[in-house]
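Inspection log for the structure reproduced underneath, given as structure tokens.
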Amino acid sequence: QGTLENMTTGVTEPTPERLFAMQEEIMRLNRLVTDLRDLSLAAVHELRLHLRPTDLGQLARQSAMLIQPLLDESAQQLQCQIPSRLTLLPLDADRMRQVIGNLLVNASRHSGSGSHIRLSISEQSDCIELCVANDGPCIAPEDLPHIFERFYRCDKARPGNGSYGLGLAIAQSIVQSCQGTLTAESEYGAWTRFRVTL
């Protein structure tokens with residue numbers, strides 16, 4: 001807002017770099033407002049989902065493709081184990097892509113350069129299970145019980161990373177709205193695994 005005021009009064013020149021930075025900030029604030037709206041709707045069971053028979057494996061493959069440029073930046077390797085055919089589930093495809101993308105981005109963000117991330121799906125007799133696992137520093141034992149709470153952030157020392165601690169809370173709300181569960185386990189200093197059961 002201060003930058004914009006300076007531009008309108010002629011104090012600051014509206015260069016492409018400054019305009020691009022302002023555009024990024026507007027996009028970030030839009031995402032924050034959308035996340036807060038989704039959490040509010042989920043809290044009163046009004047988060048609307050468009051459920052239709054969906055191949056979870058296809059969503060996972062699409063998410064893996066979209067995140068690859070981010071992984072390339074950190075020389076991280078993504079290993080996928082996704083069956084070619086899965087029983088179709090009543091899911092909101094866009095929302096479930098949001099869940100998988102959030103888990104993959106978190107795995108990348110919280111594991112170091114050159115680390116390995118694993119995306120796997122297995123079908124049981126009564127459910128389909130999707131797992132995202134990564135090696136690296138992982139989640140401290142005192143943080144693990146709180147990671148699905150809104151605004152809870154494990155990396156409190158890095159407030160400028162664009163995270164507000166909403167992603168996992170939203171992901172859990174979406175999964176629960178699809179009659180599933182989202183859980184996490186971690187061995188500190190070794191690995192972390194998020195498990196979506198539908």
Side-chain angles (χ1 to χ4, degrees), residues 28 31-32 34-35 38-39 55-83 86 91-123 127-176 178 180-198:
R28 186 179 65 82
R31 287 195 300 270
L32 176 60
T34 299
D35 287 349
D38 288 348
L39 279 175
D55 183 345
L56 185 63
Q58 182 179 359
L59 298 184
R61 284 187 285 271
Q62 291 169 351
S63 300
M65 180 182 64
L66 290 173
I67 197 177
Q68 193 59 55
L70 176 64
L71 303 180
D72 290 341
E73 288 180 11
S74 301
Q76 294 169 329
Q77 295 184 17
L78 177 62
Q79 302 166 343
C80 294
Q81 293 181 327
I82 303 171
L86 290 166
L91 301 173
D92 184 314
D94 291 335
R95 290 293 191 178
M96 195 53 60
R97 262 191 297 264
Q98 180 182 353
V99 170
I100 300 169
N102 177 275
L103 296 179
L104 288 172
V105 168
N106 280 352
S108 173
R109 182 182 294 161
H110 296 290
S111 55
S113 178
S115 60
H116 294 81
I117 298 169
R118 288 164 295 283
L119 171 61
S120 62
I121 298 180
S122 61
E123 183 164 4
C127 68
I128 293 179
E129 191 174 88
L130 178 144
C131 290
V132 174
N134 65 277
D135 49 25
C138 306
I139 304 171
E142 62 270 20
D143 288 322
L144 193 58
H146 305 287
I147 59 172
F148 293 109
E149 297 173 8
R150 61 187 68 185
F151 302 113
Y152 190 85
R153 296 173 63 249
C154 298
D155 54 347
K156 303 174 188 66
R158 295 190 299 164
N161 69 350
S163 171
Y164 289 93
L166 296 174
L168 287 176
I170 293 172
Q172 188 177 61
S173 294
I174 293 170
V175 172
Q176 289 174 344
C178 293
T181 60
L182 171 58
T183 58
E185 51 189 336
S186 184
E187 183 175 323
Y188 191 59
W191 53 267
T192 294
R193 183 187 302 119
F194 284 86
R195 192 187 310 270
V196 176
T197 305
L198 298 162

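The basis for the numbers below is simple: all heavy atoms, side chains too, and nothing from hydrogens, waters or symmetry mates. If you're wondering where the values come from, they're calculated on a predicted model, not measured in any experiment.
By the neighbour-count criterion of 12 heavy atoms within 6.0 Å, atom CD of Glu185 is densely surrounded, having more than that number from other residues, nucleotides or ligands.
Between the side chain of Ser115 and the backbone N or O of Gly112, at least one donor-acceptor pair lies under 3.5 Å. Looking only at distances, no side-chain donor or acceptor of Thr192 sits under 3.5 Å from a matching main-chain atom of Asn134. At least one donor-acceptor pair under 3.5 Å links the side chain of Ser186 to the backbone N or O of Trp191. Put simply, the side chain of Asp135 gets close to the backbone of His116: a donor and an acceptor are under 3.5 Å apart. Of the possible donor and acceptor atoms, one in the side chain of Gln76 sits under 3.5 Å from a partner among the backbone N and O of Ser111.
Here the CG atom belonging to Leu59 is positioned 7.0 Å from the CG atom belonging to Leu91, to the nearest 0.5 angstrom. Atom-to-atom distance recorded for Leu78:CG and Gln68:CD is 6.0 Å, nearest 0.5 angstrom. Annotation: the span from Glu129 atom CD to Ser122 atom OG amounts to 5.0 Å, rounded to 0.5 Å. Note that the OG1 atom of Thr181 and the CG atom of Leu198 stand 7.5 Å from one another [nearest 0.5 Å]. For the atom pair CG (Leu71) and OG (Ser108), the distance works out to 5.0 Å, reported to the nearest 0.5 Å. The line from CG of Leu119 to CD1 of Ile82 is 4.5 Å long, rounded to the nearest 0.5 Å.
Side-chain contact annotation: Arg97 with Gln62, donor-acceptor N/O pair under 3.5 Å present. A donor-acceptor contact closer than 3.5 angstrom is absent between the side chains of Gln58 and Arg61.
Closest heavy-atom contact between Leu86 and Gly57: CD1-N, 3.5 Å. Across all non-hydrogen atoms, the minimal contact from Met65 to Pro69 is O-CD, 3.8 Å. When all heavy atoms of Gly167 and Asn102 are compared, the closest pair comes out as CA-ND2, 3.2 Å. The two residues Ala75 and Ser113 have their closest heavy-atom pair at CB-OG, 4.3 Å. Shortest non-hydrogen contact noted between Ile121 and Pro83 is O-CD, 3.2 Å.
By the 4.5 Å heavy-atom criterion applied to side chains, Arg195 and Leu130 are not counted as neighbours. By the 4.5 Å heavy-atom criterion applied to side chains, Val196 and Leu103 are counted as neighbours. With contacts defined as side-chain heavy-atom distances shorter than 4.5 Å, the pair Met96/Cys178 qualifies. At a threshold of 4.5 Å between non-hydrogen side-chain atoms, the residues Asp94 and Gln98 do not count as touching. Using a 4.5 Å cut-off on side-chain heavy atoms (C-beta onward), Phe194 and Ile147 make contact.
For the side-chain contact (heavy atoms from CB on, under 4.5 Å) criterion with Phe148, the lone passing option out of Leu182, Thr183, Ile170 is Leu182.
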